[in-house]
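Per chain, numbering begins at 1; letters A, B, ... match sequence-line order. The structure displayed is predicted, hence computed values, not measured ones.
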Amino acid sequence: MLAFVLRRLVGAAAALLAASVLIFTAVQVLPGNAASAVLGRNASPAAVGILSRQMGLDRPASTRYAHWLKGFVHGDLGDSAVAIAQGSNHAPIWHLISGPLKNSAILAAITALVMIPLSVALGTLAAVRAGRPTDHLISLGSLAAVSMPEFVVGSLLVAVFFVGLHLLPPVAIVPPGGDPLSHPKQLVLPVVTLLFASMAAGIRMVRAGTFEVLQTEYVQTARLNGLPERRVIMRYALRNALAPSVQVLAQNLQYLVGGVIVVEAVFAYPGIGSQLVNAVQIRDVTVVQSVAMLIAVVYVLINLVADLIVMLLVPKLREPV
Amino acid sequence: MSGRLRFLRTPSGAVGFGILVLVLLVAVLGPYVAPHSATAPIGAPPFTGPSTSAPLGTDFLGRDVLSRLLSGGRSVIGLAAAATGLAYLMGLAIGLAAGYSRSIVDPLLMRTVDVMLAFPPLLFLLVLIAGAGSSVGVLVLGVAVIQAPGISRIVRTATLEVSERGYVEAAVARGERAVAVITREVLPNISAPVLVDAGLRFTFSILIIASVNFLGLGLQPPSSDWARMIGENRAYISLNILAVIAPAAMIAILTIGVNLVGDAIARSLGRSYVPRGIRSPAA
Amino acid sequence: MTPEDGVAAIRVENLCLELTGGEPVIDDVSFEVAPGEILGIVGESGSGKTTVALALLGFTRPGVSITGGSIHVGGQTIVGQGASTPRSLRGKVISYVPQDPGGALNPSLRVGDGILDVLRAHQARTVGEDSVRAALSRVELSHDFRRSYPHQLSGGQQQRVTIAMATVCEPPVAVLDEPTTGLDVLTQEKVLAELLRLRDEERMAMVYVSHDLAVVAKIADRILVMYAGRVLEDGPTDDVIELPRHPYTKALVSAIPDFHNPRALHGITGVAVGVGEWPTGCAFAPRCEHRLNRCEEAVPELVETAPQHRARCWRWQELTTNGHPAAVVRSSETTLPPMPLLEVSGLEARYRSGRTDRPAVEWVSFAVEQGRCVALVGESGSGKSTIGRCIAGLHVPTAGRILFEGDELAGHARSRPLQIRRRIQIVFQNPFESLNPRHRVGSSIERPLRVLRRLPRSAAEQEVGELLERVRLPKRLEERFPVELSGGERQRVAIARALAARPDLLICDEVTSALDVSVQAAVLELLQELRRELGLSMLFITHNLGVVACIADSVLVMDRGSICETGPVGTVLSAPSHDYTRRLLEAAPCLRESAVGVGAP
């Protein structure tokens with residue numbers, strides 16, 4: 001059991017290390033000089049030279065990578081390249097993103113709280129009723145919902161609930177330092193948009209997993225041993241469908257992390273996603289790499305926790321190999 | 001091969017297939033039947049409502065929404081198809097090599113997939129754009145690179161399974177060359193899982209490329225890409241709602257069509273079809 | 001039936017089942033089982049035996065429903081007028097032991113909890129550890145097993161647990177659906193002994209369903225033979241085996257290889273009919289060598305042929321003559337010692353998969369002489385298949401030498417010269433996986449002709465027809481895809497594909513283990529003929545001692561990766577010198593034993 005946990009921890013650390021190399025390479029090594037990316041094509045070589053020195057670009061890439069990673073591990077994300085280029089001496093990325101990070105976390109948490117129980121319940125229902133109208137309705141509905149990109153869903157929802165019905169605001173604007181929960185009405189459309197695709201995917205996966213378990217021989221044997229149907233479903237089917245479902249839900253949470261990027265843009269919500277899109281637009285490479293790395297950490301953590309829960313649920317995995 | 005088209009006999013398969021054909025027709029023929037230029041204003045003010053000359057009104061620059069709509073499908077479908085095709089070229093090659101030879105490629109591939117799992121795919125693409133700038137090449141290549149590990153994993157699993165079958169072993173015992181064994185014995189028998197997966201991959205490509213275009217980080221103005229149209233007019237949705245709804249509906253219809261067909265094909269092959277949205281495609 | 005109580009534990013009357021579309025699946029099945037009696041239901045795949053077994057529990061598969069008749073079990077009505085809800089009776093009055101114990105146990109439940117679940121389903125909540133202890137001790141497992149998860153148990157232990165679950169509420173009746181099919185012979189022996197003890201000590205009535213007449217003969221008091229949803233014959237075990245009244249039963253009996261008195265096997269030609277293809281007359285008529293016009297016109301009645309013995313055949317009286325086929329004459333044992341074709345010395349191979357890397361074969365040496373058939377016998381995991389794969393160049397050994405006509409063979413097939421690859425051919429176990437489903441039969445057989453014999457296309461096409469004829473298949477099958485063939489037909493095609501290379505050595509890796517006995521007999525017959533006609537040498541890998549007796553000249557017995565005994569087939573099977581061989585032989589089910597009445601303590 002301990003070996004299993006250790007193996008997963010080492011694996012997660014290795015994945016993050018590889019991710020950091022990948023991010024750093026894509027942002028700072030691939031296209032040439034990050035300083036010219038920040039300043040744009042028309043910047044004078046002199047300005048590029050100055051900014052390069054300020055950003056430490058005259059040092060070798062490996063040194064810069066080591067410096068960045070060391071800082072990141074110690075919680076120092078460095079300075080925003082664009083702010084430096086615009087003349088400020090001190091522009092810590094952490095100040096820039098701590099507020100949006102909190103906003104995004106709130107948005108994702110509310111969505112997750114609704115999504116997890118609903119997708120498990122509906123997915124299980126569809127599996128238990130496989131082939132009947134309930135199943136067809138849930139399956140087709142979720143297929144349609146999961147097919148649409150969030151910005152399409154979001155735009156259509158705005159068209160209906162703002163333009164059509166004047167019920168809900170089309171944007172979710174939170175002033176800097178403000179609390180998103182103080183205007184709950186604003187959060188409705190972003191949350192529903194996020195729910196749409198993530199829940200639909202969750203339902204389909206839970207259904208597939210549960211359906212498979214319902215076909216197993218041990219479920220049939222339990223029935224033939226005269227166990228009440230409710231007990232067969234709860235203790236024999238659902239209990240074994242739980243482990244795959246946990247992995248599904250973990251993927252859904254990860255999906256939320258990615259989904260907020262687009263949904264925040266749709267509703268102009270000041271979260272980490274908007275921040276990232278903005279940074280990509282102005283090519284603020286240091287912000288991009290730090291935000292990307294933060295998201296990767298969250299992503300890997302979710303995976304890790306899911307793996308550990310699955311290990312607790314499946315007796316076979318608890319044993320030394 | 002009536003067996004291959006069996007999926008058309010289910011209602012959802014037939015509907016999905018009909019939708020797909022329709023959207024493809026619009027995308028291919030649209031630019032030729034468009035009444036106005038897709039990129040130049042038609043002289044009407046921005047955000048005019050529907051009229052006889054502009055049935056869907058005008059957009060934020062006074063361009064004809066209908067004409068842009070008719071021209072905007074090509075990039076959506078074309079880019080996604082190119083990215084998916086490229087992803088399959090890479091994925092098939094790596095997956096077959098890993099599954100068939102079980103050599104060093106195999107553990108290497110599995111670790112790569114693990115790393116890809118550490119990223120939201122959209123984030124990967126955004127980081128790439130931040131570094132390499134935005135261009136059609138970056139979009140297509142980026143989306144292909146995101147998908148290739150997942151495809152190779154599926155191909156690898158199927159190949160591993162098929163490689164243990166008697167007909168493959170018989171071919172190996174005959175001393176046939178690896179290429180002959182793969183093309184004659186392995187490839188035709190892994191087509192079912194690969195085919196089922198292809199629908200998912202294509203939808204994924206559409207979703208992610210459209211998302212980047214919507215964010216304004218992909219194709220640049222004056223492109224009439226459907227996703228761009230939504231992004232450009234989203235802030236003014238109350239002024240001409242059609243400028244947002246029309247392209248949104250087209251994208252929705254397209255992706256639903258692809259998934260309906262994919263789902264029907266999967267059912268006809270006795271497999272389950274689980275679309276993942278812009279979730280991690282490597283999973 | 002048994003005089004002392006007179007009340008049958010199971011009484012099935014005129015049971016009929018149909019598909020939703022109206023096609024009959026089971027037609028007019030009636031039988032009784034007395035307390036303390038085991039009824040064996042025998043039939044090949046598709047005969048409806050499992051459908052009948054499940055119907056006893058009031059259970060039908062989706063798409064099938066009970067359309068007539070009645071079932072009474074332990075005084076309760078399961079099907080028919082005034083039937084109780086089957087759920088409350090399952091496990092309490094009639095219980096079920098499944099085929100695959102590994103799949104039938106909930107992987108996330110400890111053994112003890114699984115047993116408690118069954119108890120709680122039927123009794124007050126006051127059940128406790130004592131009942132679990134009693135249930136486990138009934139199948140001779142210690143109380144400690146209650147804390148184990150299924151994956152921690154061996155196959156035999158898992159099957160004991162399912163039996164413990166089936167018997168915990170002490171039901172008077174149990175249905176066993178191929179309970180030992182997945183187990184090796186030694187474990188099977190133990191499980192069968194357990195069942196006999198339950199019959200004798202607790203007077204349980206059992207219905208034992210199996211495709212394997214030899215196993216059923218070993219355990220059952222009465223045998224009921226099913227074919228295409230109908231009972232063809234039913235009677236006391238010894239009577240059915242010794243003096244079968246129905247031609248089908250007779251054919252089944254003579255298809256079973258028996259290592260005590262090996263005789264020429266006779267397969268049944270043709271394929272069993274499926275649901276919806278039932279002919280108007282006797283369903284077996286198309287495959288029966290004694291059929292008359294009458295047989296094809298009307299279904300015969302099930303008539304009493306002797307006390308307690310019924311058969312469904314128009315001609316049973318004329319056909320009932322005893323006498324089994326003549327004993328086989330082993331010609332090859334007397335021939336002069338021939339040249340060794342293949343010599344294996346000091347062979348060592350490892351099994352690698354994922355994290356596991358363990359020795360599969362250690363220090364194995366043997367020879368196959370020109371024209372002889374050497375059998376390699378062992379249980380699953382003994383390493384016997386790995387040896388075959390090493391010789392075929394599919395598995396590279398870590399040490400040792402393989403000599404073919406004195407020349408050392410390269411490890412991998414790719415590195416061997418064309419003539420060697422041509423002269424050594426292998427046929428695999430699973431007929432459903434040994435042919436490429438995307439290639440027509442003709443093209444599968446043509447490939448070795450083109451690759452290994454370098455024949456031009458026209459000559460190759462010509463020879464495909466001849467090869468099909470050689471394996472007794474019609475030429476028209478050339479155009480078919482494997483999915484359109486039965487298991488036996490596919491295995492013949494696989495043999496034809498091997499023969500296409502004109503091999504000198506044919507490796508047969510469990511080629512008949514996935515086939516029904518009647519088909520197995522026909523394939524073995526074919527292999528015997530091919531040996532005679534073509535002078536093939538064979539390495540025959542199998543776990544079935546009866547099959548060995550029929551086909552091999554000499555035997556190598558394998559246990560955990562090494563050979564523990566070798567010798568001429570007659571000597572090894574009649575006077576084994578190694579303890580392991582002796583245990584294998586004792587456990588192996590065969591017909592003669594049952595005739596003497598072994599089983600009851």
Completion exercise
Value for CG (C:Leu452) from CD (B:Glu176), rounded to nearest 0.5 Å, stands at 7.5 Å

Practice task
Pick one of side chain, backbone, both or neither for B:Ala180, based on which atoms fall under 4.5 Å of a heavy atom in chain C.
Solution key: side chain

Practice task
Sort out for me which of C:Arg497, C:Arg414, C:Arg422 touches chain B most, counting heavy-atom pairs under 4.5 Å.
Solution key: C:Arg497

Exercise for the section: Look at atom CZ of B:Phe17 and say whether more than 12 heavy atoms of other residues, nucleotides or ligands are closer to it than 6.0 Å. Expected result: no

Completion exercise
Counting heavy-atom pairs under 4.5 Å with chain C, the top scorer among B:Arg174, B:Arg165, B:Arg177 is B:Arg174

Fill in the blank from the handout: Whatever's closer than 4.5 Å to a heavy atom in chain B on C:Leu435 counts as backbone

Handout entry: Among the listed options C:Gly393, C:Ala494, C:Pro448, C:Ala392, the residue most often paired with chain B at heavy-atom distances under 4.5 Å
Key = C:Pro448

Handout entry: B:Arg184 and C:His439, any side-chain heavy atoms less than 4.5 Å apart
Key = yes

Handout entry: chain C contacts, top residue of B:Ser191, B:Ala171, B:Gly166, B:Ala173 (heavy-atom pairs, under 4.5 Å)
Key = B:Gly166

Practice task
Just do the side chain to side chain contact (heavy atoms under 4.5 Å, CB included) check on B:Val172 and C:His412 with the steps written out, would you?
Solution key: CA-CA 9 Å; B:Val172 173; C:His412 201 286; 3.9 Å; yes

Problem - Residue C:Arg389 versus chain B: region with a heavy atom under 4.5 Å - result: side chain

Problem - Heavy-atom pair with the smallest gap, counting every atom of C:Pro437 and B:Tyr167 - result: CD-CE2, 3.5 Å

Exercise for the section: Tell me, for C:Asn436 versus chain B, whether the close heavy atoms (under 4.5 Å) come from the side chain, the backbone, both or neither. Expected result: both

Practice task
Locate the shortest heavy-atom distance separating C:Leu394 from B:Glu169; write the atom from each residue and the value.
Solution key: CD2-O, 3.4 Å

